[in-house]
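Data block below; observations after.
Predicted model only: the values in this text are computed from it and were never measured. Below, all heavy atoms of this structure are taken into account, side chains as well, without hydrogens, waters or symmetry copies.
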Amino acid sequence: NYSTAKILMADILETREMYAEANKMYDSILKDDITYYPAQLKKSRNYIKQKNYTSAEKLLKSLAKQYDDSQIYMDLGDILRANKRYSEAVKYYDMAISNSDDKIILFSYALDLIYLHEFSEALPYLLSLKETPGILPLDRINFNIGRCYHEEVCLYKSIEYYKKTIKLN
């Protein structure tokens with residue numbers, strides 16, 4: 001079957017931005033092969049690179065029925081957020097968070113809560129992220145904390161975090 005060779009060949013095609021050809025390689029990997037899931041995940045990302053969000057969403061939702069993986073939920077959340085379907089995205093980020101302690105997932109979740117004007121719900125996630133420097137840009141975290149405080153009419157706190165944002169830039 002040589003599925004690993006197929007994945008490596010698809011990787012080469014992807015570096016040349018030949019995503020449709022790479023996806024054909026991924027499609028040739030059998031469902032019972034150990035590399036099937038990672039190949040399908042890569043295929044969904046190729047759809048995203050091609051801005052074919054409908055196909056990516058359909059494939060990821062199909063994978064989610066078979067595999068309980070935070071990466072699937074994160075990618076679905078990202079697709080839905082890119083299409084301004086924030087309340088749906090929040091559901092998938094919530095599922096990703098329950099399966100992982102990935103700080104990027106928490107940040108994406110908090111951003112979607114902000115888009116939904118759920119500032120008081122987003123704030124604890126953002127505050128927890130400022131305690132883990134280096135993972136995400138601190139200026140973006142501080143800005144969004146300031147925004148949440150601003151929207152919740154805690155102006156002194158919002159000014160404090162806006163100043164930190166400006167200082168970092």
Review point. Given the rule in the side chain to side chain donor-acceptor pair (under 3.5 Å) test, do Y161 and H150 qualify, once you have shown the distances and angles that lead to the verdict?
Key: CA-CA 10 Å; Y161 280 95; H150 187 156; over 6 Å; no
C148 and A122 have their tightest heavy-atom pair at SG-CB, 4.1 Å
Tell me if a side-chain donor or acceptor on N52 pairs with a main-chain N or O of I48 at a distance below 3.5 Å.
no
For R147 and I114 the tightest heavy-atom approach is NH1-CG2, 3.0 Å
request  = Count the heavy atoms of every other residue, nucleotide or ligand shown that sit under 6.0 Å from CD of E17, and state whether that count exceeds 12.
outcome  = no
When T165, L126, L129 are each screened for side-chain contact (heavy atoms from CB on, under 4.5 Å) with I145, the one that passes is L126
### Message
Quick check on the 6.0 Å ring-centre criterion: do Y109 and Y125 meet it?
### Response
yes
- Message: If you count every heavy atom of other residues, nucleotides or ligands that lies below 6.0 Å from K49 atom NZ, does the total exceed 12?
- Response: yes
* To do: Please assess Y73 against D68 for the test side chain to side chain donor-acceptor pair (under 3.5 Å), listing each intermediate value before the final yes or no.
  => CA-CA 9 Å; Y73 305 134; D68 185 28; 2.7 Å; yes
Under the 3.5 angstrom rule, does the side chain of Y92 hit a backbone N or O of D78 as a donor-acceptor pair? no
>> Between D139 and K164, does any side-chain N to carboxylate O distance fall below 4.0 Å?
In response: no
Value for CG (N23) from CG (L59), rounded to nearest 0.5 Å, stands at 8.5 Å
Side chain to side chain contact (heavy atoms under 4.5 Å, CB included) filter on H117, not counting sequence neighbours, yields F119
Review point. Can you check whether M74 reaches Y93 side chain to side chain, under 4.5 Å on heavy atoms?
Key: yes
Rounded to the nearest 0.5 angstrom, the NZ-CZ distance for K42 and R45 is 8.0 Å
Enclosure of K24 NZ (heavy-atom neighbours >12, cutoff 6.0 Å): no
### Message
Any heavy-atom pair between the side chains of F107 and R140 that's under 4.5 Å?
### Response
yes
Smallest heavy-atom separation, R81 atom then L111 atom, equals NH1-CD1, 3.9 Å
> Given side chains that start at C-beta, do those of L113 and L123 come closer than 4.5 Å, heavy atoms only?
Replying inline: no
Per side-chain contact (heavy atoms from CB on, under 4.5 Å), Y53 is matched among E57, K51, Q50 by K51
